[in-house]
Amino acid sequence: MFKKILIPVDGSVSSFDALDIGINLANSLNADLVVTTVLSAYSVQGWSVDPDLRSSDDKMVEEKKMAAHILEMATIKAQKATGKVESYSKFGYPPDTIVETAKETGCDCIVIGSRGLSGFKHALLGSVSEKVAQLSSIPVLIVK
């Protein structure tokens with residue numbers, strides 16, 4: 001059925017729940033995994049409301065370190081998979097970058113966590129998982 005599954009992680013509990021389910025799915029199908037994290041242009045460029053007044057260069061360094069740590073934790077956890085595991089750190093608008101990564105790496109399924117944004121933040125930004133499902137031409141499993 002699926003031969004290569006993309007799992008984006010952002011450090012949230014939901015994304016690591018999706019990683020667990022993606023690993024189990026990959027193992028049951030003898031599929032390979034691609035684990036990715038996306039460093040969002042929005043948080044780095046200060047487009048979000050942030051009371052922290054540090055420079056954007058300092059924020060970029062911190063965001064890169066955090067993304068590397070998240071990807072490292074996810075990659076270690078993904079070693080439970082029986083197939084091949086690839087990992088990538090990307091920069092960009094998360095929904096577009098996730099879908100592009102799936103295409104670039106030849107994935108035929110995306111397993112993504114739902115963070116359950118609500119209220120003003122959801123109205124302003126929407127849900128990454130919802131946008132990925134809209135943009136993707138391959139199946140998307142959203143894990144709650």
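All values reported here derive from a predicted model rather than from experimental measurement.
One distance of note links CE of M1 with SG of C109; it measures 8.5 Å at 0.5 Å rounding. The CG atom of L19 sits 11.0 Å away from the CD1 atom of I5 when rounded to the nearest 0.5 Å. Remark: T37 OG1 to I7 CD1 distance equals 13.0 Å, nearest 0.5 Å. Atoms CG and NZ, on L33 and K77 in that order, are 12.5 Å from each other to the nearest 0.5 Å.
Linking ILVMFWY side-chain heavy atoms closer than 4.5 Å, directly or via other members, places L141 and V132 in two distinct hydrophobic clusters. Residues I23 and F16 fall within the same hydrophobic cluster, defined by Ile, Leu, Val, Met, Phe, Trp and Tyr side chains chained together at heavy-atom separations under 4.5 Å. Follow the hydrophobic side-chain contacts under 4.5 Å out from I70 and you never reach L39; the two are in separate clusters. Under a hydrophobic-cluster definition in which Ile, Leu, Val, Met, Phe, Trp and Tyr are linked whenever side-chain heavy atoms come within less than 4.5 Å, directly or via other members, M66 and I98 are assigned to different clusters. A chain of hydrophobic side-chain contacts below 4.5 Å, direct or via other Ile, Leu, Val, Met, Phe, Trp or Tyr residues, connects V35 to I21.
If you run side-chain contact (heavy atoms from CB on, under 4.5 Å) between V140 and each of I112, L135, V99, only I112 comes through. Each of V85, I110, T105 was checked for a side-chain contact (heavy atoms from CB on, under 4.5 Å) with V34, and the lone residue meeting it is T105.
Among all heavy-atom pairs drawn from I142 and A133, the shortest one is CD1-CB, 4.2 Å. Smallest separation of non-hydrogen atoms from T75 and S87: OG1-CB, 3.3 Å. Between S89 and L71, the shortest heavy-atom contact is N-CD2, 3.7 Å. Here the closest non-hydrogen pair linking A18 and V111 is O-CG1, 3.5 Å.
For the pair T36 (side chain) and Y88 (backbone), a donor-acceptor distance under 3.5 Å is present. S28 places a side-chain N or O within donor-acceptor distance of the main-chain N or O of L25, the cut-off being under 3.5 Å. Side-chain atoms of D32 never come within 3.5 Å of backbone atoms of K4 as a donor-acceptor pair (strictly under, hydrogens ignored). Between the D108 side chain and the K3 main chain, a donor and an acceptor come within less than 3.5 Å of each other. Judged by distance alone, with hydrogens and angles left aside, the side-chain atoms of S15 form a donor-acceptor pair with the main-chain N or O of D10 at under 3.5 Å.
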* To do: Apply the test salt bridge (charged side-chain N to carboxylate O under 4.0 Å, His left out) to residues K144 and D17: give CA-CA distance (whole Å), side-chain angles for both, the deciding distance (0.1 Å), then the verdict.
  => CA-CA 8 Å; K144 288 189 173 194; D17 288 345; over 6 Å; no
* Criterion side-chain hydrogen bond (donor to acceptor under 3.5 Å, both in side chains) on S129 and S127, from CA distance to verdict -> CA-CA 5 Å; S129 58; S127 166; 2.9 Å; yes
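Salt bridge absent: E100 and K90 never bring a charged side-chain N and a carboxylate O closer than 4.0 Å. In summary, K131 and D96 do not engage in a salt bridge, as defined by a charged side-chain N under 4.0 Å from a carboxylate O.
Counting only heavy atoms from C-beta outward, the side chains of F2 and P139 approach each other to under 4.5 Å.
Heavy-atom neighbours of N30 CG from other residues, nucleotides or ligands within 6.0 Å: at or below the threshold of 12.
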